[in-house]
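Down below is the structure, laid out as structure tokens.
Computed from a predicted model, the values in this text were never measured in an experiment. Sequential numbering from 1 along the given sequence is applied to the chain's residues.
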Amino acid sequence: MATLTIAGDYTSALTHFALYGLSLMVEQKHPGTVTVGWSQEGQPRAQMHAEGVSEEEIAECVHSYVSSLAAEDSWVNVDQSYGAGKETAVFSPFSPRIRGIDAEKYPDDWASHQKTRQAHLDALMERDDLLSLLWIAGLGEPAYWRFEVKAPRPDHGASRWEMKTRNKGQEFVKDRLRLMCADLATWEPSAMLSGIIGQTLHDSLDKKPDSRTGTGFTVPQPTDTALAFCALVGVANFPVIHQIHRIGVTPGAYPYNALHPRLMVLPVPSGRVTPARLRTVLRSHPYRRVVDEVGKAMDRGSLSTDIFVSELADEKAILREKGVQAFVAFPIAKVGSDSAPERQVLKGNAIPLG
């Protein structure tokens, strides 16, 4: 059995999401073998266990998946044209935050957008690529149905954990994920594994000191590309809950109805739990209650472990039964301009269940 310890510790959202993403990729290739958890030490470390799977096979799982995404016919490489003439724009139909489609001026745009998406979703179903389907659901999609005072609000259908900055009209799939996949497909699997466990740090996308390779899961800093890719895949664990009359809900975000949340709250399981068990926690009502109550307590400046004795006693019992021993609350900084705001997840603080 291979046990991998992910780079970083419990205070890093990048580490949490990388654990989620790595476990999903290995589970897709080796179902029923994977469990995840955190080491029992002063600074708990994220660990993935794979029964009967070697470290080399784990590395090959990541390389195989990223290579499939880099293929010419992958959903990551499809483009769609919107508008006409001087107003023509080309985006990925799988980027959850793109310029609003003008359905009145170009009535065929939205139908062709959905047709392209559905064709690729059908192909993923035929190939049993359930991970990509989960990931697409986690990323969300432009909310063509959302308006405020007649102004379109396409971002209301996007995951709050898709945090690519949109300077000069950039978008997530075409300007981050596609480049990342094309680059990583040229790596040796062993180099990927080395970056994921923190033996090396190779930021192949952005070599500046204030690198954005971490895509919001860290403050700007050099970040290993393979580790960042695992974290982006981890968004698959957080499906966007779309709503007709209000902004979609992203699990773990507080406030849940804010386009730019102030807080991310993530669980820390004790022992080993399966990825499926972890997903049930992340999509559960008790978890939603914890996120909301922790956020309210932090707003009041009165957060302590007493919250699990008073407001969250029932949720504590349910979550402990599912293997959760603590939560980590991550403040989220909003920086940049009003036209291109940037979210950065800061260092987290542990909240034991007590």
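- Relative orientation of the F327 and F308 rings is parallel, given thresholds of 30° and 60° on the angle between their planes.
- Side chain of S270 to backbone of G323: a donor-acceptor contact under 3.5 angstrom is found.
- In this structure, the separation between CZ on F217 and CZ on R343 is 10.0 Å, given to the nearest 0.5 Å.
- Salt-bridge annotation for E148 and R146: present, with a side-chain N of the basic residue lying under 4.0 Å from a carboxylate O of the acidic one.
- Among L177, L232, T215, the one residue that satisfies the side-chain contact (heavy atoms from CB on, under 4.5 Å) test with K164 is T215.
- A side-chain hydrogen bond (donor to acceptor under 3.5 Å, both in side chains) check over residues 179-205, counting only residues at least two apart or in different chains, returns the pairs D183-W187, D183-S204, S194-T200, D203-S211, D203-T213, S204-T225.
- Aromatic ring orientation, W110 versus Y144: tilted (interplanar angle from 30° to 60°).
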Under the side-chain contact (heavy atoms from CB on, under 4.5 Å) criterion, do F229 and M25 qualify, and how do the steps go?
-> CA-CA 11 Å; F229 173 73; M25 285 184 278; 3.7 Å; yes
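- Atom-to-atom distance recorded for F172:CZ and M163:CE is 10.0 Å, nearest 0.5 angstrom.
- Each side-chain hydrogen bond (donor to acceptor under 3.5 Å, both in side chains) pair with one or both residues in residues 78-88, not counting sequence neighbours, appears once here: D79-R178, Q80-S112, Q80-T116, Y82-H113, E87-K105, E87-Y106.
- Screening D224, L184, I58, L227 against M192 for a side-chain contact (heavy atoms from CB on, under 4.5 Å) leaves a single residue, L184.
- Using a 4.0 Å cut-off between charged nitrogen and carboxylate oxygen, K208 and D210 do not count as a salt-bridge pair.
- For the atom pair CZ (R45) and OG1 (T15), the distance works out to 8.0 Å, reported to the nearest 0.5 Å.
- Under 4.0 Å is where a charged nitrogen must lie from a carboxylate oxygen, and between D314 and R289 no such pair does.
- The closest side-chain heavy-atom distance from E342 to R212 is below 4.5 Å.
- If you take OH on Y20 and CD1 on I6, they are separated by 12.0 Å, rounding to the nearest 0.5 Å.
- Looking only at distances, a side-chain donor or acceptor of Y287 sits under 3.5 Å from a matching main-chain atom of V265.
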Quick one: do K29 and E60 satisfy salt bridge (Lys or Arg N to Asp or Glu O under 4.0 Å)? Show the steps, please.
-> CA-CA 10 Å; K29 286 285 187 180; E60 184 55 42; over 6 Å; no
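- Side-chain N or O atoms of W161 include one that pairs as donor or acceptor with a backbone N or O of P251 at under 3.5 Å.
- Under the 3.5 Å distance criterion, with hydrogens and angles disregarded, a donor-acceptor pair is assigned to the side chains of E171 and S95.
- For R320, the CZ atom sits in a packed shell: over 12 heavy atoms of surrounding residues, nucleotides or ligands are nearer than 6.0 Å.
- For the residue pair D129/Q28, the side-chain donor-acceptor check at 3.5 Å is satisfied.
- By the 4.0 Å N-to-carboxylate-O rule, K296 lies too far from D292 to be salt-bridged with it.
- For F17 and F238, the ring centers sit closer than 6.0 Å to each other.
- Annotation: E321, atom CD; neighbour count of heavy atoms from other residues, nucleotides and ligands within 6.0 Å does not exceed 12.
- Put simply, CG on D155 and CZ on R160 are 10.0 Å apart, with the number rounded to the nearest 0.5 Å.
- Rounding to the nearest 0.5 Å places CH2 of W145 at 10.5 Å from CD of Q243.
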Carefully, step by step, assess W75 and I136 under the rule side-chain contact (heavy atoms from CB on, under 4.5 Å).
-> CA-CA 10 Å; W75 61 272; I136 291 167; 4.0 Å; yes
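- Side-chain atoms of T5 and Q47 include a donor-acceptor pair closer than 3.5 Å.
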